[in-house]
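Numbers restart at 1 for each chain; the letters A, B, ... are given by sequence-line order, proteins then strands. None of the values given here were measured: they were computed from a predicted structure.
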2 protein chains.
Amino acid sequence: MYYVIMKRKSSPAPRKQPRSATAMPDKLAASAFALFSARGIGQVSLDDIATHAGVTKGSFYWHYQSKDDLIKAACAHYYRVYHRRINSELAHITNPVERLARTIETAVNICLMDRANRVFTTEVFTLAVHNPELGRSWRQFSDSVREFYLGLLKAAMAAEDLKTTDPEQAVDFVLSAMEGIKLRAQHEPHLCSKQSKRSIVTSLKRNLGIIETEQ
Amino acid sequence: MYYVIMKRKSSPAPRKQPRSATAMPDKLAASAFALFSARGIGQVSLDDIATHAGVTKGSFYWHYQSKDDLIKAACAHYYRVYHRRINSELAHITNPVERLARTIETAVNICLMDRANRVFTTEVFTLAVHNPELGRSWRQFSDSVREFYLGLLKAAMAAEDLKTTDPEQAVDFVLSAMEGIKLRAQHEPHLCSKQSKRSIVTSLKRNLGIIETEQ
DNA sequence: CTACTAACATACCCGCCGGTATGTACTATG
DNA sequence: CATAGTACATACCGGCGGGTATGTTAGTAG
């Protein structure tokens with residue numbers, strides 16, 4: 001162990017960040033999300049995550065209390081990214097029906113194309129079955145998404161005369177379908193083809209009462 | 001360790017089964033399925049499974065080569081049960097449209113009510129993402145289910161004039177939706193209510209071109 | 001009766017990983 | 001400049017669980 005002898009004279013590596021940039025918790029959560037969604041939660045150790053974030057496990061435990069704690073943080077990270085993505089997508093669309101349509105299109109795109117999203121979602125879902133706290137967190141997120149869609153749909157119904165019977169049931173059905181599409185897309189690549197994607201979007205819209213006419 | 005002294009005279013426990021009943025592999029697979037679908041694959045050890053089947057781990061490895069091997073067997077067990085269930089449900093229904101309708105109703109019932117089925121499916125799905133062999137096995141099963149539905153739908157279309165545009169896309173969409181319903185039902189109990197269930201069945205049928213009229 | 005083998009049980013190994021105890025450098029504050 | 005607290009790193013522990021090496025018994029064949 002020669003490092004004891006190094007009298008700590010050579011290059012103390014002048015830290016760029018003032019050491020306490022308070023960014024480390026976020027960085028760890030982001031690393032966790034990245035690794036979880038690539039290899040699965042069970043296949044990623046805390047050492048992996050710490051290394052990916054540029055620190056060690058000992059330091060990890062200064063910011064988080066347990067692996068479960070970190071998983072929750074990774075979920076929060078995911079929720080933030082998700083909401084940001086949707087919001088930026090709808091930022092300058094005013095027509096209510098168009099807002100709803102665009103949301104569906106974006107969501108389908110994510111389901112079919114974004115592997116990281118798919119894997120992470122699946123992993124968390126599975127874990128949440130046996131982890132009540134994660135389940136609550138996930139359900140809270142899920143409910144917020146449901147409310148969001150419900151708001152979009154009701155606004156669209158108020159603006160135009162959609163062929164929707166029960167908006168709540170319609171939203172539940174469409175959300176379920178999208179979740180299922182996300183799942184099956186992992187193993188059935190033919191769902192990701194261009195025409196399949198168009199067909200899916202059309203079906204989802206139809207179930208919300210939107211009949212595609214334009215184009 | 002007194003058992004060394006027991007001169008093996010008292011009750012050799014006359015085996016009921018002729019020892020080689022060849023039933024042990026199936027028994028182990030069934031035990032695995034039971035425990036996996038109750039606590040999750042990652043939370044069940046081989047000791048647990050062996051104990052549940054009435055043997056020990058050493059004996060387990062005489063029948064299987066690894067845990068992965070057993071997981072595959074548990075899947076096969078699941079596939080068998082699934083097919084038996086559907087077949088027995090359709091055994092004495094001849095009307096093609098009714099056969100399709102009954103299949104949907106049964107599937108929704110399973111999705112919403114059968115917790116073991118839901119958990120096991122979710123677990124295997126998640127694992128299959130990172131395990132190519134499991135993925136292939138699952139996809140094979142999934143394709144067989146798809147073909148089955150496609151057959152039902154085409155038969156129904158030939159018998160009556162359904163409002164179906166593209167049968168393949170319709171089946172894909174409906175299967176995805178059911179998968180998603182199964183997933184969400186784990187965390188959103190309101191999906192399991194009677195009226196929700198009816199609404200889901202109606203939506204699924206509508207997406208296949210069946211308009212509910214009777215009742 | 002003997003030998004062989006299928007079908008178990010016992011006992012053990014070992015690597016991985018979550019978690020902890022402890023040391024150390026950098027920074028802020030008075 | 002001394003002190004204290006922050007934000008790390010090192011080193012270690014312990015158990016859990018997959019997998020193995022080695023019995024031991026009950027059938028079966030000759």
Taking only residues two or more places apart in sequence or in another chain, which ones pass ring pair (Phe, Tyr, Trp, His ring centres under 6.0 Å) with [X]?
X: B/Tyr64; answer: B/Phe60
X: A/Phe148; answer: none
X: A/Phe125; answer: A/Trp138, B/His187

Phosphate OP1/OP2 of D/dT6 contacted by A/His63 side-chain N/O (<4.0 Å):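 No, A/His63 has no side-chain N/O under 4.0 Å of OP1/OP2 on D/dT6.
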Contact under 4.0 Å: B/Thr56 side-chain N or O vs C/dA9 OP1/OP2: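 Yes, such a contact exists.
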Let me know the distance between [atom1] of [X] and [atom2] of [N], rounded to the nearest Å.
X: B/Asp68; N: D/dG17; atom1: CG; atom2: P; result: 17 Å
X: A/Leu28; N: D/dC8; atom1: CG; atom2: C1'; result: 12 Å
X: A/Trp62; N: C/dG19; atom1: CH2; atom2: P; result: 18 Å

What's touching nucleotides 14-18 of chain C from the protein side, N or O pairs under 3.5 Å?
unit_1: C/dG18; atom_1: OP1; unit_2: A/Lys67; atom_2: NZ; d: 2.9
unit_1: C/dG18; atom_1: OP2; unit_2: A/Leu46; atom_2: N; d: 2.9
unit_1: C/dG18; atom_1: N7; unit_2: A/Lys57; atom_2: NZ; d: 3.0

Sidechain N-carboxylate O distance under 4.0 Å for B/Glu133, B/Arg136: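 No.
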Test side chain to side chain donor-acceptor pair (under 3.5 Å) applied to A/Arg99 - qualifying residues, sequence neighbours left out: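 Here no residue qualifies.
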Pairs under 3.5 angstrom only: tabulate donor-acceptor contacts from the side chains of residues 25-39 of chain A to other protein residues two or more places apart or in another chain.
unit_1: A/Ser31; atom_1: OG; unit_2: A/Lys27; atom_2: O; d: 3.1
unit_1: A/Ser31; atom_1: OG; unit_2: A/His52; atom_2: ND1; d: 2.8
unit_1: A/Ser37; atom_1: OG; unit_2: A/Phe33; atom_2: O; d: 2.6
unit_1: A/Ser37; atom_1: OG; unit_2: A/Ala34; atom_2: O; d: 3.2
unit_1: A/Arg39; atom_1: NH2; unit_2: A/Gln43; atom_2: O; d: 3.1
unit_1: A/Arg39; atom_1: NH2; unit_2: A/Asp48; atom_2: OD2; d: 2.9

